[in-house]
Peer 1: 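Below is a structure I'd like to ask you about.
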Number of protein chains: 2
Amino acid sequence: MQFSKSTDYALHALIHLAQAEDRNNIGVKELSAILSVSESYLSKIMSKLRKDGIVRAVSGVKGGYELAKTAEEITFLEVIQAIEGRQQMFECSNLNSKQHQLLAELSNTEPKPKATDRDECLVKKVMDGAEQHLHQYLREHTIQFVLDQATKRCNYSINKK
Amino acid sequence: MQFSKSTDYALHALIHLAQAEDRNNIGVKELSAILSVSESYLSKIMSKLRKDGIVRAVSGVKGGYELAKTAEEITFLEVIQAIEGRQQMFECSNLNSKQHQLLAELSNTEPKPKATDRDECLVKKVMDGAEQHLHQYLREHTIQFVLDQATKRCNYSINKK
DNA sequence: ATATTATGGATATCTAATGTCCATAATAAA
DNA sequence: TTTATTATGGACATTAGATATCCATAATAT
């Protein structure tokens with residue numbers, strides 16, 4: 001139950017892009033040097049961020065990446081989901097639960113959800129609750145939040161002198 | 001970022017043990033049949049639960065497993081940690097952060113923590129916060145909670161008739 | 001003594017994460 | 001237009017961890 005290294009790299013890369021908001025685009029070459037990752041690996045990560053609309057990319061000589069929205073708008077949750085995908089944290093082996101999920105997926109089409117969730121596994125319900133709880137926290141924390149904290153810390157250092 | 005199948009099996013096994021609290025010990029043979037898992041695999045899982053003091057085991061003919069505490073006392077968190085281990089959800093590649101953690105571990109001995117955490121990575125701080133948040137939820141939900149929910153559901157069914 | 005059950009070591013298999021390489025497309029600058 | 005630079009995506013290799021099985025041994029009720 002661990003977040004992947006890729007998620008770690010993605011978050012740190014976004015922090016760097018946010019801090020260099022005024023500058024031109026930043027290429028994978030520069031980012032990979034800062035993060036101490038190989039260019040080829042970081043490329044895959046940045047591609048995922050682009051596909052999910054978190055960064056913009058431009059090819060060519062002065063190309064590279066930049067944020068596609070403000071740092072305020074980029075939540076930890078969407079970064080994590082861009083990298084790790086959107087599968088649920090807990091997949092229940094319980095048959096009732098699996099049937100329930102299957103029905104829910106099928107009902108994405110026409111005949112309405114029906115909300116007969118009395119048969120879903122209660123263990124899964126607790127775990128889904130945990131996931132929602134975690135997501136809420138991750139939605140409330142943005143890239144901007146980290147930048148703000150860094151500023152505070154810096155001020156503190158200055159005052160100290 | 002998913003919980004393992006083992007965790008799923010462990011939780012369901014504990015629910016069954018809790019529901020059969022009055023009966024004798026329940027063996028892996030019976031549990032594995034209920035959960036549709038192999039005996040050999042479930043054995044490993046039950047061993048982990050025993051090592052962490054969640055269940056008691058007794059060998060021999062009428063042997064098997066029983067809860068080592070009340071269902072009220074068994075939290076989702078401790079079950080998950082018994083199975084998945086206690087590593088942190090987020091390991092930071094950031095060098096400052098790694099150094100910080102190393103120092104923290106070393107200072108487990110004599111010369112006191114020192115609490116100079118100004119250098120720890122802010123990304124990691126957010127992620128550690130998320131983990132604490134999740135843990136709090138998982139600590140607040142026990143095996144007993146699931147049993148209670150099941151009772152409610154059952155009552156509802158009866159009333160319906 | 002016998003049958004039954006848990007325990008732990010060794011090992012095999014499978015899957016996902018990690019990581020690299022290369023051909024191709026896009027673009028700025030010369 | 002040519003060149004250098006950068007992103008993109010496919011294919012592939014490597015590694016680590018989860019999943020799964022088997023077996024020898026210990027414990028225990030009958």
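In the text below, chain A, chain B and the rest are named by the order of the sequence lines, each starting its count at 1.
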Peer 1: Just the table, please: protein N/O against nucleotides 16-22 of chain D N/O, every pair under 3.5 Å.
Peer 2:
{"residue": "dT19(D)", "atom": "OP1", "partner": "Lys5(B)", "partner atom": "N", "Å": "2.9"}
{"residue": "dT19(D)", "atom": "OP2", "partner": "Ser6(B)", "partner atom": "OG", "Å": "3.3"}
{"residue": "dT19(D)", "atom": "OP2", "partner": "Tyr41(B)", "partner atom": "OH", "Å": "3.4"}
{"residue": "dT19(D)", "atom": "O5'", "partner": "Tyr41(B)", "partner atom": "OH", "Å": "3.4"}
{"residue": "dT21(D)", "atom": "OP2", "partner": "Ser38(B)", "partner atom": "OG", "Å": "2.5"}

Peer 1: Could you report the tightest heavy-atom contact between Gln88(A) and Asp128(A), atom names first, then the distance?
Peer 2: NE2-OD1, 4.1 Å
Peer 1: For dT7(C), does either OP1 or OP2 sit under 4.0 Å from a side-chain N or O belonging to Arg50(B)?
Peer 2: yes
Peer 1: To the nearest angstrom, how far is Gln2(B) atom CD from dT15(C) atom P?
Peer 2: 14 Å
Peer 1: Do NZ/NE/NH1/NH2 and the carboxylate oxygens of Lys124(A) and Glu131(A) come within less than 4.0 Å?
Peer 2: no
Peer 1: Quickly work out the Glu30(A) CD to dT5(D) P distance and round it to whole Å.
Peer 2: 15 Å
Peer 1: Round to a whole Å and report the spacing from CG of Leu42(A) to P of dT8(D).
Peer 2: 11 Å
Peer 1: Report the residues that fulfil salt bridge (charged side-chain N to carboxylate O under 4.0 Å, His left out) with Glu73(A), sequence neighbours left out, ordered by chain and then residue number.
Peer 2: none
Peer 1: Between the side chains of Gln144(A) and Asp148(A), is a donor N or O closer than 3.5 angstrom to an acceptor N or O?
Peer 2: yes
Peer 1: So, is Ser47(A) close to the dT8(D) phosphate, meaning a side-chain N or O under 4.0 Å from OP1 or OP2?
Peer 2: yes
Peer 1: Give every donor-acceptor pair under 3.5 Å between a side-chain atom in residues 11-19 of chain A and any protein atom, sequence neighbours left out.
Peer 2:
{"residue": "His12(A)", "atom": "ND1", "partner": "Asp8(A)", "partner atom": "O", "Å": "3.1"}
{"residue": "His12(A)", "atom": "ND1", "partner": "Asp8(A)", "partner atom": "OD1", "Å": "3.0"}

Peer 1: Could you state the CE-P distance from Met46(B) to dT7(C), rounded to the nearest angstrom?
Peer 2: 9 Å
Peer 1: Can you list every pair that meets ring pair (Phe, Tyr, Trp, His ring centres under 6.0 Å) and has a residue in residues 120-150 of chain A, with sequence neighbours left out?
Peer 2: His133(A)-His133(B), His133(A)-Tyr137(B), Tyr137(A)-His141(A), Tyr137(A)-His133(B), His141(A)-Phe145(A)
Peer 1: Using whole Å, report how far NZ of Lys48(A) lies from C1' of dA7(D).
Peer 2: 17 Å
Peer 1: For DNA chain C, find the residues of residues 55-65 of chain B with a heavy-atom distance under 4.0 Å and give them by number; none if there aren't any.
Peer 2: Ala57(B), Val58(B), Ser59(B), Gly60(B), Val61(B), Gly64(B), Tyr65(B)
Peer 1: Without hydrogens or angle criteria, can the side chains of Gln132(B) and Gln136(B) be said to hold a donor-acceptor pair below 3.5 Å?
Peer 2: no
Peer 1: To the nearest Å, give me how far apart CD1 (Ile45(A)) and C1' (dT18(C)) are.
Peer 2: 9 Å
Peer 1: In whole angstrom, give the distance that lies between atom CG of Leu17(B) and atom C1' of dA6(C).
Peer 2: 14 Å
Peer 1: Return the value, rounded to whole Å, for the distance between atom CD1 of Ile54(B) and atom C1' of dA6(C).
Peer 2: 17 Å
Peer 1: Please name all residues satisfying side chain to side chain donor-acceptor pair (under 3.5 Å) with Glu84(A), sequence neighbours left out, ordered by chain then number.
Peer 2: Ser4(A), Thr7(A)
Peer 1: Looking at Lys69(B), I want to see if its NZ is surrounded by more than 12 non-hydrogen atoms of other residues, nucleotides or ligands under 6.0 Å.
Peer 2: yes
